[in-house]
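Residues: numbered from 1 along the sequence shown.
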Amino acid sequence: TRLAPRCFLNTMGLALWPLLLARCAWGVCQSPNDFGRQSVGISAQMKSDQRGKVTVEVLCGEDAAAAASRAATQKKTASTSGEAVLNCARSLQEQLDKEAETGAIGYLPPQMLGQNTPQERYRLLKTGGQYSRRAAEHGRKEEYPEAIADLLRALLRANVDETARDKLMRTMVDFLRKAEKRRSKMAEDGDLSELFEALEMEDDGKENTDIDRAALKRTYREMSIKYHPDKNPESAELFGRIRDAYEILSDPVKMLLYDTGGMELVKKYEKDGDGEIDRVDNFEVNHEISLEEAYKGGEKDITVNRRVVCRSCRLRPDLPRCRKCQPCPGERHQRQVWMDQWHYRIEEFEVPSDERCTWDRQKLKLQIERGTMFGDRAHFPSMGSQLPKHIPGDALVTIKVRKNSRFKRLGDDLMADLRVSLSEALLGFKRELVHLDGHIVTFGMDRGDVLKPGAALEIEGEGMPHKEDPSSAGKLVIRFHIDFPQSIPPGAGDDLEAALSKLPGQSKGSQRKQNSEL
């Protein structure tokens, strides 16, 4: 039998695929992003507790045990029936065994689990006892999907005696129930999947920062029309759930509070605002703009780095967006520590958080008003860092205006230096100056007027726009600097003396008269 072509991972590929060492055919598990997301084309049925028979697919990087365990511990496909989970795993294993022989798909499960991580371990072990001991270790850490997967691997071995099978099954059922109990307890702090289900949407987005609000609004509009009590009186309760779900999901603050604290925290926020709920400190950052941007105004995209709470990762850590998440900072508390019968001290300690956080590069649209001043602040409500059960802080962007090589700013006025020759100072000139937005400012001195050293010209309306009234502007002040010649050639001195003597008060006789009067 000719095997299907299989791709293999080189050294660079291993670095990119820290969790996956699987051979794959063209089109199957080729990208690191396929891990835990892309189906390999092998599936089986499993009886779930809530939805009857559901389809379980093997995803890239999984074996039969991992796929069945994942499905059994997820909300939509959860099952506490050990036989149902084992039957599903056995059906998937049979298909994987056939695939190993034929290579029709080109997929083999990885030999190592948690490759290049502290949890790296062999997928296959030699004895059922080794599987059982490793499962017990996972169970102590409340890593129930991993524990159940190891028990399934032990049960899928050939020739398992009845006594060992019964013991493994009892342990697995116990872990399945503990997993369901833990999921239910954690859902008390809010389960966003219930809100998405009310709107018949799936929250499988890749990013933690936001959801598709356009799709959310469109779906809500369609469902509110369909189930409005005026048309369907029997749908009043469903309409209420749809409305409540939309109100929470359309508000980033309410969505965060619901996800980490449940409906009770949302109601407290709606009633008292941030009166009783802790608020994260505001996030402050500086952003530099040019004087041209301050003059013209406009909109500019900027990026800030902030901590966000991973959406739903407490309940659904298998989501692709949850891979990079780390535990959120815990809550700080104080307690009394007695040193002896009469003395104690106050000690701070941290309660670990069940939530997961990550760092996100958030894009913000910075509105630059015409006439923006150095030190002005832009305010972005609730766009600062996040913490579980806290109102997000605000992002405050302080604007710094860079110095300009041609113009100096003095409040709402602009100043520019201009050098003119002695001839221009005496005989007049015309000049053009390119302003900050590119328009031309024309000015000069008429012939007959003399430009004195240190003189300046004020042009009204050509300074910086007034921030409160951008249609008006300050002054443009032109400071003149006269370039006097370093020396006068011998042949030009007489001509220059003759020309200057014709000017009032410039002849030698008039100068002697003025000196005698002094």
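Between Leu366 and His287, some side-chain heavy-atom pair lies under the 4.5 Å cut-off. With contacts defined as side-chain heavy-atom distances shorter than 4.5 Å, the pair Met112/Glu120 qualifies. Here the side chains of Met172 and Leu152 are in contact, with some heavy-atom distance below 4.5 Å. Leu86 places a side-chain heavy atom less than 4.5 Å from the side chain of Arg165. The side-chain heavy atoms of Phe374 and Ile399, taken from C-beta on, include no pair separated by under 4.5 Å. Two residues are said to be in side-chain contact when any heavy atoms from C-beta on lie closer than 4.5 Å; Lys271 and Tyr269 fail this criterion. With a 4.5 Å cut-off on side-chain heavy atoms, Ile391 and Asp278 do not count as touching. With contacts defined as side-chain heavy-atom distances shorter than 4.5 Å, the pair Cys310/Thr358 qualifies.
A distance of 10.5 Å separates CD in Gln50 from OG in Ser79, rounded to the nearest 0.5 Å. We find the CG-NZ distance between Leu257 and Lys389 to be 11.0 Å, quoted to the nearest 0.5 Å. Distance CZ/Arg307 to CZ/Phe283: 10.5 Å, rounded to 0.5 Å. Rounding to the nearest 0.5 angstrom, the gap separating the CG atom in Leu176 from the NZ atom in Lys181 is 15.0 Å. The CD atom of Gln362 sits 11.0 Å away from atom OG of Ser385, with the distance rounded to the nearest 0.5 Å. To the nearest 0.5 Å, the span separating CD on Glu293 from CD1 on Ile368 amounts to 5.0 Å.
Between the side chain of Arg306 and the backbone N or O of Gly384, at least one donor-acceptor pair lies under 3.5 Å. Side-chain N or O atoms of Ser235 include none that pairs as donor or acceptor with a backbone N or O of Leu238 at under 3.5 Å. Without hydrogens or angle criteria, Ser69 side chain to Pro145 main chain gives a donor-acceptor distance under 3.5 Å. A donor-acceptor pair under 3.5 Å is formed between the side chain of Glu99 and the backbone N or O of Ile105. Side-chain atoms of Tyr107 never come within 3.5 Å of backbone atoms of Cys60 as a donor-acceptor pair (strictly under, hydrogens ignored). For Asp259 (side chain) and Met255 (main-chain N/O), no donor-acceptor pair under 3.5 Å exists by modelled atom type. Ser132 places no side-chain N or O within donor-acceptor distance of the main-chain N or O of Gly128, the cut-off being under 3.5 Å. Remark: the backbone N or O of Ala71 is paired with a side-chain donor or acceptor of Thr77 at under 3.5 angstrom. Counting only distance, with no hydrogens or angles, the side chain of Arg213 and the backbone of Leu249 share a donor-acceptor pair below 3.5 Å. Panel note: side chain Gln386, backbone Val309; a donor-acceptor pair is recorded below 3.5 Å.
Leu92 and Ala68 get closest at one heavy-atom pair: CD1-N, 4.4 Å. Between Val160 and Ala164 the shortest heavy-atom distance is CG1-CB, 4.1 Å. Residues Pro109 and Leu96 share a closest heavy-atom pair of CG-CD1, 4.3 Å. Considering every non-hydrogen atom in both Leu124 and Tyr131, the closest pair reads CA-OH, 3.3 Å. When all heavy atoms of Pro381 and Asp394 are compared, the pair lying nearest together is CA-OD1, 3.3 Å. Closest approach of Val85 and Ala72 over heavy atoms only: CG2-CB, 3.7 Å.
Screening Asp174, Thr73, Asp49 for a side-chain hydrogen bond (donor to acceptor under 3.5 Å, both in side chains) with Thr80, the sole residue that qualifies is Asp49.
At least one test fails for Arg182 against the ring of Tyr144: distance under 6.0 Å to the centre or angle within 45° of the axis. Annotation: cation-pi pair Arg332/Phe349 absent, no NZ/CZ under 6.0 Å from the ring centroid and within 45° of its normal.
Between the side chains of Asp97 and Gln93, at least one donor N or O sits under 3.5 Å from an acceptor N or O. Counting only N and O atoms by type, the side chains of Glu143 and His138 include a donor and acceptor under 3.5 Å apart. No hydrogens or angles considered: a donor-acceptor pair under 3.5 Å links the side chains of Gln45 and Thr55.
Under a 4.0 Å N-O distance rule, the pair Lys363/Asp301 does not qualify as a salt bridge. Note on Lys75 versus Asp191: salt bridge recorded, some NZ/NE/NH1/NH2 to OD/OE distance being below 4.0 Å. Remark: Glu142 does not engage Lys178 in a salt bridge, criterion side-chain N to carboxylate O under 4.0 Å. Of the charged side-chain nitrogens involved, none lies within less than 4.0 Å of a carboxylate oxygen, so that Lys300 and Glu288 do not count as a salt-bridged pair.
Between Cys328 and Cys357, the sulfur-to-sulfur (SG-SG) separation falls under 2.5 Å.
In terms of the side-chain contact (heavy atoms from CB on, under 4.5 Å) criterion, residue partners of Arg51 (sequence neighbours excluded) are, by chain and number, Ser48, Val54, Lys76, Glu197. Listed by chain and number, the residues in a ring-ring contact (aromatic ring centres under 6.0 Å, His included) with Tyr122 amount to none (sequence neighbours excluded). With sequence neighbours excluded, the residues satisfying ring-ring contact (aromatic ring centres under 6.0 Å, His included) with His228 are Phe239. Here Glu270 pairs with Lys254 under the salt bridge (charged side-chain N to carboxylate O under 4.0 Å, His left out) rule; sequence neighbours left out. Contacts of Ala66 classified as side-chain contact (heavy atoms from CB on, under 4.5 Å), with partners at least two apart in sequence or in another chain: Glu62, Asp63, Arg153. Among residues two or more places apart in sequence or in another chain, the side-chain contact (heavy atoms from CB on, under 4.5 Å) test is passed with Glu237 by Arg241.
Summarising the local packing, NZ of Lys98 is surrounded by 12 or fewer heavy atoms from other residues, nucleotides or ligands at distances under 6.0 Å. Taking a 6.0 Å sphere around NE2 of His343, one finds it holds 12 or fewer heavy atoms contributed by other residues, nucleotides or ligands. By the neighbour-count criterion of 12 heavy atoms within 6.0 Å, atom CZ of Arg121 is densely surrounded, having more than that number from other residues, nucleotides or ligands. The neighbour count for Asp340 CG, taken as heavy atoms of other residues, nucleotides or ligands under 6.0 Å away, is above 12. Around the CD atom of Glu234, the shell of radius 6.0 Å holds more than 12 heavy atoms that belong to other residues, nucleotides or ligands.
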CA sep, side-chain torsions, deciding dist, call: Leu125, Arg134, side-chain contact (heavy atoms from CB on, under 4.5 Å): CA-CA 10 Å; Leu125 302 177; Arg134 193 166 73 178; 3.8 Å; yes
Stepwise side-chain contact (heavy atoms from CB on, under 4.5 Å) check, Thr398 with Val285: CA-CA 6 Å; Thr398 301; Val285 65; over 6 Å; no
Stepwise side-chain contact (heavy atoms from CB on, under 4.5 Å) test for Lys296 and Arg370: CA-CA 6 Å; Lys296 294 185 290 186; Arg370 297 191 65 201; 5.8 Å; no
Disulfide (SG to SG under 2.5 Å) assessment of Cys325 paired with Cys313: CA-CA 8 Å; Cys325 299; Cys313 290; 4.0 Å; no
